[in-house]
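Note that the structure is a prediction, hence the values are computed from the model and not measured.
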Amino acid sequence: MRHNSLTLRLALAAAALIAVGLAATGALLVFMFRDHIERRFDMALADHMEELVAASEIGANGAFVLTWRPTDPRFNRPGSGWYWQIASDGVVLSHSLSLVGMTLDRPIASGADRIAVLEGPIGRGLRAYVRPITLPGTDGVFVYTVAGPEDDIAADVRRFSAITAVTLAVLGLCLIAAVIVQVRFGLNPLVHLRRALTDIRTGRIHRMPETFPDEVEPVVEEVNALLDQNTLLLDRARTQAGNLAHALKHPMTVMALEARHVEGERGQIMAEQLTAMRNAIDRHLSRARVAGLSGAVGARTPVGEVVDGLRISMERLHAERKLVIESLPCNGLLFAGTAEDLEEMLGNLMDNACKWATRRVRVGGEAQQDRLRMTVEDDGPGIAESHRHLVLARGRRLDESVSGAGLGLDIVRDIAEMYRGSLVLDESPLGGLRAVLDLPAPLAG
């Protein structure tokens, strides 16, 4: 789980709150349990006190008499921690067998029952119930003390605290696990949102599905609106570029026809400049169109359909040469761009190959991770390695006898570079030239 993950942040925040809440709950439970244990302990001491008081009498001679002794065996074991003692005027009148040879601190009579903490005979802390009583037939005050070991209370509290800690820890882990499941479930629409955006980018879909929860729906609507606006702007740019090309071509055609009637050097200069203008317009309109579309979201073109269409067109265009145009299987290959741009690049390369081929032209392609590698090769004379860079220059042709303006390979290279690709020329196994296009392919997934 990444450090900046929303799931991690929410889980950590929930874990902190759960830990604080459970710690406070545990402390409160231990406090309440200790209070309950102390009350039960004090009630047990009070019961023994009632038994002692019931057994106390003043004899006929005015002397204190204990008619029976408490039956709890802990009062009979020396040093057991459970003791009782009856004193008057600082003199111990009677005590439990567990106090043989020892005495308890004698709390000062305060006129009311109270709970006191005493130091035991063997250094053990005692919790004592103290009651001053005036028995019938005497004016003296008798101080009754019944005490038990405080560590019994502490032991019960420790056991309860340990059980509570384990229980709350397990409960905390279960709550944190439940929070993580709840957070993942709650954030699951964001995962679907990311997948939908990936599908749009890779061309599987063109709009976000409108099946998201109400909280995410506004984001989906804004993304769809942005996609619609992007498509509208691109269509408008393409239309305007086409309109500009159409508006310029007719006047330039008229001017070219008129230039033919101008004799001499002036007519030749006008024809050359008009041709240069036409080539420049075609080149820059093509660059402007590709610059707007090469980054189009969701562009995804099947290569096989484009290659098959171009093969048929080239067979018809160069039918008189009776060329064999072979297209290797390209089914399943995809280009991360528009069909028009792929047609322009492959069309120029295939037309160039058909012009120079002796008998055979071959077109193929392969996918290499997120790249598409297209090759167009022929069995013509080829181009020497030292001259290959020249044909990629704008308007350069090595053989003026072949028709064309010399812009085909230059435009192909420009379009490829707009897509962060490249065009490379090398020698073909067929004996002629091989043009290799490296282009982006849609991301898998």
Side-chain angles (χ1 to χ4, degrees), residues 237-238 241-242 244-246 248-249 252-253 256 271-296 299 301 303 306-307 310 313-314 317-318 335-357 361 363 365 371-378 380-428 432-440:
R238 170 167 283 186
L244 177 59
H246 180 74
L248 291 175
K249 282 182 179 180
M252 292 183 66
T253 300
E272 291 177 353
Q273 293 302 313
L274 285 171
T275 300
M277 289 172 62
R278 184 182 293 111
N279 293 338
I281 289 172
D282 290 342
R283 183 172 186 275
H284 287 291
L285 285 177
S286 176
R287 288 177 63 93
R289 177 177 58 80
V290 175
L293 297 176
S294 62
T301 299
V303 175
V306 174
V307 171
L310 289 174
S313 298
M314 293 300 161
L317 183 63
H318 299 278
F335 166 56
T338 62
E340 292 83 356
D341 293 334
L342 185 60
E343 289 173 357
E344 186 162 357
M345 288 185 285
L346 289 180
N348 273 294
L349 294 178
M350 292 175 68
D351 183 55
N352 186 72
C354 289
K355 289 178 181 178
W356 292 97
V361 174
V363 184
R371 306 299 297 177
L372 172 66
R373 188 173 184 268
M374 299 297 301
T375 58
V376 179
E377 46 194 334
D378 61 74
I383 302 175
E385 184 176 357
S386 59
H387 292 161
R388 288 171 189 163
H389 69 283
L390 297 177
V391 298
L392 294 177
R394 185 187 312 171
R396 289 297 303 273
R397 289 185 292 152
L398 297 182
D399 190 344
E400 299 293 335
S401 65
V402 179
S403 62
L407 287 173
L409 294 180
D410 182 40
I411 290 178
V412 172
R413 183 191 61 184
D414 284 345
I415 297 176
E417 289 177 352
M418 289 290 184
Y419 281 99
R420 296 181 178 85
S422 63
L423 171 64
V424 177
L425 303 179
D426 60 13
E427 185 177 352
S428 169
L433 183 69
R434 177 171 64 179
V436 181
L437 269 176
D438 178 71
L439 300 170

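Shown here are the side chain to side chain contact (heavy atoms under 4.5 Å, CB included) partners of Arg373, two or more places apart in sequence or in another chain: Glu366, Gln368, Thr375, Val436. Residues passing the side chain to side chain donor-acceptor pair (under 3.5 Å) test with Asn352: none are found, sequence neighbours excluded. In this view, Arg371 and Asp438 satisfy the side chain to side chain donor-acceptor pair (under 3.5 Å) rule, not counting sequence neighbours.
For the pair Phe335 and Pro440, the tightest heavy-atom approach, listed with the atom from each and the gap, is CD1-O, 3.6 Å. Contact between Ser422 and Ala416 at its shortest, heavy atoms only, is N-CB, 3.9 Å. Closest approach of Met314 and Gly347 over heavy atoms only: CE-O, 3.4 Å. Glu344 and Val412 make their closest contact through O-CG2, 4.3 Å (heavy atoms, listed as atom of the first residue, atom of the second, distance).
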Glu385 vs Glu427, test: side-chain contact (heavy atoms from CB on, under 4.5 Å). Steps then yes/no. CA-CA 8 Å; Glu385 184 176 357; Glu427 185 177 352; over 6 Å; no
Going through the distances and angles, do Trp356 and Val361 end up as a side-chain contact (heavy atoms from CB on, under 4.5 Å)? CA-CA 9 Å; Trp356 292 97; Val361 174; over 6 Å; no
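At least one side-chain heavy atom of Leu437 sits less than 4.5 Å from a side-chain heavy atom of Met345. Between Leu425 and Arg434 the shortest side-chain heavy-atom distance does not fall below 4.5 Å. Val306 places none of its side-chain heavy atoms less than 4.5 Å from the side chain of Val303. Looking at Asp351 and His318, their side chains come closer than 4.5 Å, going by heavy atoms from C-beta outward. Looking at Glu340 and Thr301, their side chains never come closer than 4.5 Å, going by heavy atoms from C-beta outward. Looking at Ile415 and Leu342, their side chains never come closer than 4.5 Å, going by heavy atoms from C-beta outward.
Residue Leu317 holds its CG atom at 8.5 Å from NZ of Lys355, rounded to the nearest 0.5 Å.
For the side-chain contact (heavy atoms from CB on, under 4.5 Å) criterion with Leu349, the lone passing option out of Leu433, Leu310, Leu409, Asp378 is Leu409.
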